[in-house]
Amino acid sequence: VILLTSCSPLQRAMTTAIGIVGDHVDITYDDRLKERSYGDWSGLNKSDVRTKIGDDAFFSARRGWDTSPPNGESLKDVSIRVAPFIDELPDSGNILVVSHGNTIRAISVLFGVNTEDNVKGRQMPVHYTWKEGRFISISSPVGTQFSQAVGVAMASAYKGLDEVCISWLGDGTSGQG
């Protein structure tokens, strides 16, 4: 039984949350879980921006910790935005949080799964592993992650463990919302 469901108010996350819990659980929509703002780059083609500003500036803002796109957010900014949300989560229970790739990358630093330097250059958060935190790496093809997450959740429930299972859908594949 899911105790709490929190979700980004962006359409692609809302669709995912509703698809997971249906009408069975109330969903709380929280602006702090929104995807990173790309500011002046929002809606532009990534290749065009990269060509215009060059690789160094592009990757510094896209994959760095401290650098933001013009009028946008850095990953550090996202971590500052989402930290109070994380601090407000219950200490135990089945909790579902539906968010976005860059927000999850920032959360991985807050949880100690990654460092500010290590998160640079990572495209997908699913490749992080943290044995002590029971954060396991799963497959890159997003469509196969649900069966893995369900398997881990079922095994955890069978063992009587109070754990969280996370899966990603659409990370980087949708420009909607």
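All values below were derived from every heavy atom in this structure, side-chain atoms included, with hydrogens, water molecules and symmetry-related copies excluded.
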Open item on the list: Can you confirm whether more than 12 heavy atoms, excluding those of D56, are under 6.0 Å from its CG atom?
Closed with: no

Task: Considering all heavy atoms, the nearest S68-S74 contact - done: CB-N, 3.3 Å

Task: same_hphob_cluster(F85, I80) at 4.5 Å side-chain heavy-atom cutoff - done: no

Task: Heavy atoms from other residues, nucleotides or ligands near CG of D26 exceed 12 (cutoff 6.0 Å) - done: no

Open item on the list: Just so I know, are the side chains of V97 and L33 near enough to count as touching, which here means a heavy-atom distance under 4.5 Å?
Closed with: yes

Task: Stepwise side chain to side chain contact (heavy atoms under 4.5 Å, CB included) test for Y29 and S6 - done: CA-CA 6 Å; Y29 299 100; S6 296; over 6 Å; no

Task: Nearest-0.5 Å distance, CG of residue L10 to NE2 of residue H100 - done: 4.0 Å

Open item on the list: One thing to verify: whether K34 and E73 come together as a salt bridge, which I'm taking to mean a side-chain N less than 4.0 angstrom from a carboxylate O.
Closed with: no

TODO: Could you tell me whether a side-chain N or O of S60 sits under 3.5 Å from a main-chain N or O of A57, the two making a donor and an acceptor?
DONE: no

Open item on the list: Run R62 and R50 through side chain to side chain contact (heavy atoms under 4.5 Å, CB included) and show every step you take.
Closed with: CA-CA 10 Å; R62 288 272 307 169; R50 183 177 173 186; over 6 Å; no

TODO: Over all heavy atoms of both residues, which pair between R105 and L75 is shortest? Give the atoms and the distance, please.
DONE: NH2-CD1, 3.3 Å

TODO: Only counting residues at least two apart or in another chain, list the ones meeting salt bridge (Lys or Arg N to Asp or Glu O under 4.0 Å) with D77.
DONE: none

TODO: Please lay out, stage by stage, how R36 and T103 fare under the test side chain to side chain contact (heavy atoms under 4.5 Å, CB included).
DONE: CA-CA 6 Å; R36 171 187 183 182; T103 309; 5.5 Å; no

- [ ] Apply the test side chain to side chain contact (heavy atoms under 4.5 Å, CB included) to residues I27 and I18: give CA-CA distance (whole Å), side-chain angles for both, the deciding distance (0.1 Å), then the verdict.
- [x] CA-CA 8 Å; I27 300 171; I18 292 166; 3.8 Å; yes

Task: Over all atoms of both residues, closest heavy-atom pair of N102 and V78 - done: O-CG1, 4.4 Å

Open item on the list: Looking at every non-hydrogen atom in both residues, tell me the closest pair between D30 and P9 and how far apart they are.
Closed with: O-CD, 3.3 Å

Open item on the list: Which heavy atom of S99 sits nearest to which heavy atom of S8, and what is that distance?
Closed with: CA-CB, 4.5 Å

Open item on the list: Please give me the minimum heavy-atom distance between D31 and R81, naming the atom from each residue.
Closed with: O-NH1, 3.8 Å

TODO: Report the distance from atom OG1 of T51 to atom NZ of K46, rounding to the nearest 0.5 Å.
DONE: 13.0 Å

Task: Shared-cluster residues of L44, by chain and number - hydrophobic side chains joined below 4.5 Å - done: Y38, W41, V49, I53, F58, F59

Task: hydrophobic_cluster_shared for L89 and L110, side chain cutoff 4.5 Å - done: yes

TODO: Taking T15 for its side chain and R12 for its backbone only, find out whether a donor-acceptor pair lies under 3.5 Å.
DONE: no

